[in-house]
Amino acid sequence: MNDTSISVDQHDGDLARVDVAPVNAKEHRDLYKSRVKIFPKRVSGSFRRLKWWIMLVTLGIYYLAPWIRWDRGAFAPDQAILVDIANRRFYFFFIEIWPQEFVYLTGLLIMAGVALFLVTSTVGRAWCGYTCPQTVWVDLFLAVESWVDGDRNARMRLDKSDWTFDKIRKRGTKHFLWLLISVATGGAWIFYFADAPSLAYGFITGTAPTIAYTTVAILTATTYLFAGFMREQVCTYMCPWPRIQGAMIDEHSLIVTYQEWRGEPRSAHLKTKPENNPPAGDCIDCNQCVAVCPMGIDIRDGGQLECITCALCIDACDTVMEKIGRPKGLIAYSTTGAQEQAETGDYVATNWRAILHYRTLIYFAIWSLAGLAMLYGLLARDRLDVSVLHDRNPLFVILSDGSVRNGYTIKILNMLPEPRTFRLSLSGIVSATMYTAEDGSHPSRHVDVDVPPDQLRSLRVLVRADPAYLSGESTSFSFQVREWNEEISRGGDAEQASYEAQFLAAP
Ligand code: SF4
Ligand code: SF4
């Protein structure tokens, strides 16, 4: 048998030794080496159950989230999560983000980055092993493959067998189901960018925009390719994270480890167990841990770039230990610090306190502060924005009665999904009056402006002032904008903003 061949254990589920060459042999790291097919064996145990639950929750969120409705009134979309590219808006339940507020999305990305650092420094590559989309979809595709083709041995036999009717039927069923999942994956993605029910109807009836069909086609192809064929190669060769995480894991981080001090010298023969001579470790070299590994590696070779810490080898080995009457945990979550201690004969079982060290606490503090700052910013942010532009030509006009007039373009942005009236007034120049270009006949100290929901209203305002109250060529004053309605006029709270401007006159 050469290094890359895989032989079949005849009885799935028993302790027959599985001859399997891990793909992390030295050649695997050469510049190029053709892929060795991996046929992960089914396994049961607490980590496998946890992974099923996480898959259920993450896929459930991904597929169903665009269908959740959220009432924002008559003037805003009722989809809870929506990236409204046409109107340049992002909706997330009660939060509405405008283009000028993308700093919050930057904040969210920073928080996600710090969270990834936090998780990696505490529980290693838990993201990779449990929640990364590549892991989740590969797991789903493997579940389909194993349901259609059978467990590891059956799949290996089928792979090597000639093309018979049964093989064609099984391959056809498997690829059909994979494609179905891939289309559903691509399909779910586009619903985040438009009203899901309307887009679904348009998509089915062939009236959806071309970009929707193109996106679904691309995502269908990438899901099918990445989860069905490339699998572990995406993690090993395409994703930068395995390299980055190497710098983040330290002697306190929980990672999946083989307890070498306890397992070695390994022996495939039960008769050489410790009580016999020569003494042997607890590892019976059954290779079950390798057979279940979706990355095709042998955790007994130590920490490896390919290991996504999915912990399935823990489940496999615990089952073996149970069967041979040895304590569980020959492969377990542990820290490299604990392993080093164990080599000196001072092993202490790792517990949850291991994750409490200064790095994780610092990451947690940064993450919490960023989260609190974001929350405060979101709750306290203005829903009104005002900008003012002074006329460039002419800068001012001297009227027949000697007064001076300046023109301004004022933009009032109503960032609430309801119509609002704003009272625009002047402050800083005694006796100054103003009027809008459309309503020049009523100079006043204020103008009421109606702004439709979620919209910007632009108006030209002319301000007139007596030179006696101006301070030379340029006089500072401000435009005050205040929300205005009956309740506010009776003393209710109002949102307001002001804009500092200059009134220009002859020297
Ligand atoms: S570590 Fe456990 S599962 Fe792996 S070969 Fe040894 S006994 Fe078998
Ligand atoms: S070695 Fe174990 S934890 Fe690592 S990828 Fe393989 S099964 Fe998962």
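Residues: numbered from 1 along the sequence shown. Whatever order the structure lists them in is the order used to number ligands and atoms, beginning at 1. The basis for the numbers below is simple: all heavy atoms, side chains too, and nothing from hydrogens, waters or symmetry mates. What you see is a predicted model; the values in this text were computed from it and never measured.
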Please determine if Arg171 and Asp159 form a salt bridge, counting it only when a charged side-chain N lies under 4.0 Å from a carboxylate O. yes

Does a salt bridge link Arg155 with Asp149, judged by any charged N lying under 4.0 Å from a carboxylate O? no

Between Asn414 and Pro452 (side chain of the first, backbone of the second, donor and acceptor by atom type, cut-off under 3.5 Å), is there such a pair? yes

Using 30° and 60° as the class limits, which term best fits the ring planes of His175 and Phe229: parallel, tilted or perpendicular? parallel

Side chain to side chain contact (heavy atoms under 4.5 Å, CB included) with Leu330: of Arg266, Arg262, Arg300, only one passes, and it is Arg262

Sub-4.0 Å atoms of ligand 1 with respect to non-hydrogen atoms of [X]:
{"X": "Arg300", "value": "1 (S), 5 (S)"}
{"X": "Ile331", "value": "1 (S)"}
{"X": "Met321", "value": "7 (S)"}

With a 6.0 Å cut-off on ring centres, are Phe203 and Tyr213 close enough? yes

Excluding water, the protein N, O or S atoms sitting under 2.8 Å from atom 8 (Fe) of ligand 2 are Cys310 SG

Side chain, backbone, both or neither: the part of Arg266 lying under 4.0 Å from ligand 1 by heavy atom: neither

Check for me whether Arg88 meets the cation-pi criterion with Trp98, that is, NZ or CZ under 6.0 Å from the six-membered ring centre and within 45 degrees of the ring axis. no

Polar protein atoms near atom 8 (Fe) of ligand 1 [N, O or S; cut-off under 2.8 Å]: Cys286 SG

